[in-house]
Protein chains: 2
Amino acid sequence: MKVSSKGEYALRALLLLGTHQGKVLGIQEISDKTLVTVHYLEQLLLQLKKLGYVTSKRGAKGGYMLQREAEEINIGAVIRDLEGPLSPMACASITQYEPCPLEEGCQLKPLWSLVRDTIAFVLERTTLDDLLQNRITKLEGGDFIVGKRTS
Amino acid sequence: MKVSSKGEYALRALLLLGTHQGKVLGIQEISDKTLVTVHYLEQLLLQLKKLGYVTSKRGAKGGYMLQREAEEINIGAVIRDLEGPLSPMACASITQYEPCPLEEGCQLKPLWSLVRDTIAFVLERTTLDDLLQNRITKLEGGDFIVGKRTS
DNA sequence: AAGTAATCCTATCAAAATAATTGGATTTAA
DNA sequence: TTAAATCCAATTATTTTGATAGGATTACTT
């Protein structure tokens, strides 16, 4: 159930750009602060650019900045764009469903669907701005997670 | 955020054994019903045996059966035993935490922790028996997933 | 007691996904 | 004009995962 370092690195870069909105950050500076190699960042940022998350400025004093507002950058979408479906199994994916020969009567699919839904719920309700503002609420003893709404 | 086919295959085998409790199932039969190759199943079942989930009977008419009651087999534990931590990132893992150089002040870790907690919550509250009884409740429009308890 | 059918078990190989590297082309500020 | 930076395609390396091979051991059956 891993998020690859690709996703982690991309989010680190987006967070850094988010904390310096309006400024152009060079790739070297991003590398220093995220601990990701310059070349690997290059690939990542290029991809993030094609996906519409960042813009770049070429040439001397060039670099990268966020293309959208931090509130408009959905973490679930970022991870999905970079790593594929959030679902733990393709049979339970909404965005890239693939059939499975055992599917009918499968006793696992409901579980995978539930896992997909909970992961998607958590990630899709979170924006880059939420992360920047430390607006993620840790689960604590009294929290509930899954169940029927009571009111 | 994938579950590997290793975990899927292992759960398929456990489910099949669970539907025939008390009976010894040959590896060929398990292969036929789970669509996993005999040799790969051999490896998996050997591992499941070492982990205490199944027992085997050698020789002619040999095969496998569950070692524990289906209610005592926790799906979260199975996946963890076979694939490692449920956490999407090592920095948020409870069972196999690993430090990260960016950890203090990291704005991502709270998110990874939340994801870990929700995945663990869903998987650890589910037993093999729950799957066998189709006792997994799909999320529907009116369901809630994460939040503070209101009463 | 022999034969056969099955698990056991180690070792190795293959494939896929992920991460990192290389090398140059292009653009822009100074 | 030069230097600093992004752009971009291609390649290589690493890791994880999945599959295969081959023989040793066990136990049922005749």
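Lettering of chains follows the sequences in order, A, B, ..., and the numbering in each one begins at 1.
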Between [X] ([atom1]) and [N] ([atom2]), how many Å, whole number?
{"X": "B:E29", "N": "C:dA5", "atom1": "CD", "atom2": "P", "value": "17 Å"}
{"X": "B:K50", "N": "C:dC9", "atom1": "NZ", "atom2": "P", "value": "6 Å"}
{"X": "A:L35", "N": "C:dA20", "atom1": "CG", "atom2": "P", "value": "12 Å"}
{"X": "A:Q28", "N": "D:dA3", "atom1": "CD", "atom2": "P", "value": "19 Å"}
{"X": "A:E83", "N": "C:dA16", "atom1": "CD", "atom2": "C1'", "value": "16 Å"}
{"X": "A:M89", "N": "D:dT17", "atom1": "CE", "atom2": "P", "value": "14 Å"}
{"X": "B:K6", "N": "C:dA16", "atom1": "NZ", "atom2": "P", "value": "19 Å"}
{"X": "A:K49", "N": "D:dC8", "atom1": "NZ", "atom2": "P", "value": "6 Å"}

Under the criterion side chain to side chain donor-acceptor pair (under 3.5 Å), I'd like the reasoning laid out for B:E83 against B:S4: C-alpha separation, chi angles, the key distance, then a yes or no. CA-CA 8 Å; B:E83 310 200 348; B:S4 74; 2.7 Å; yes
Between B:D32 and B:L35, which heavy-atom pair has the shortest distance, and what is it? O-CD2, 3.7 Å
If you take all heavy atoms of B:G52 and B:R68, which pair is closest and at what distance? O-NE, 3.3 Å
Side chain of [X] (C-beta onward), nearest among [options]:
{"X": "A:K57", "options": "C:dA29, D:dT6, D:dT20", "result": "C:dA29"}
{"X": "B:H39", "options": "C:dG23, D:dG22, D:dA19", "result": "D:dG22"}
{"X": "A:L46", "options": "D:dC8, D:dT6, C:dA20", "result": "D:dC8"}
{"X": "A:R58", "options": "C:dA19, D:dA27, C:dT27", "result": "C:dT27"}
{"X": "A:K61", "options": "C:dA20, D:dT6, C:dA29", "result": "C:dA29"}
{"X": "B:A60", "options": "C:dA5, C:dC9, C:dT26", "result": "C:dA5"}

Can you tell me if the side-chain N/O atoms of A:Y40 get under 4.0 Å from OP1 or OP2 in C:dA19? yes
Can you find a side chain N or O atom of B:S4 that sits less than 4.0 Å from OP1 or OP2 on D:dT16? no
Reckon B:E42 touches a base, only the sugar-phosphate, or nothing at all at heavy-atom distances under 4.0 Å? base
Looking at every strand, decide which applies to A:L45 at a 4.0 Å heavy-atom threshold: base, sugar-phosphate, or nothing. nothing
Any N or O donor-acceptor pair under 3.5 Å from the base of C:dT21 to the side chain of A:Q43? yes
Hydrophobic clusters here meaning ILVMFWY residues chained together by side-chain heavy-atom distances under 4.5 Å, can you tell me if B:I94 and B:L82 are in one? no
Are A:V24 and A:L46 connected into the same hydrophobic cluster when the rule is that any two of I, L, V, M, F, W, Y join if their side-chain heavy atoms are below 4.5 Å apart? no
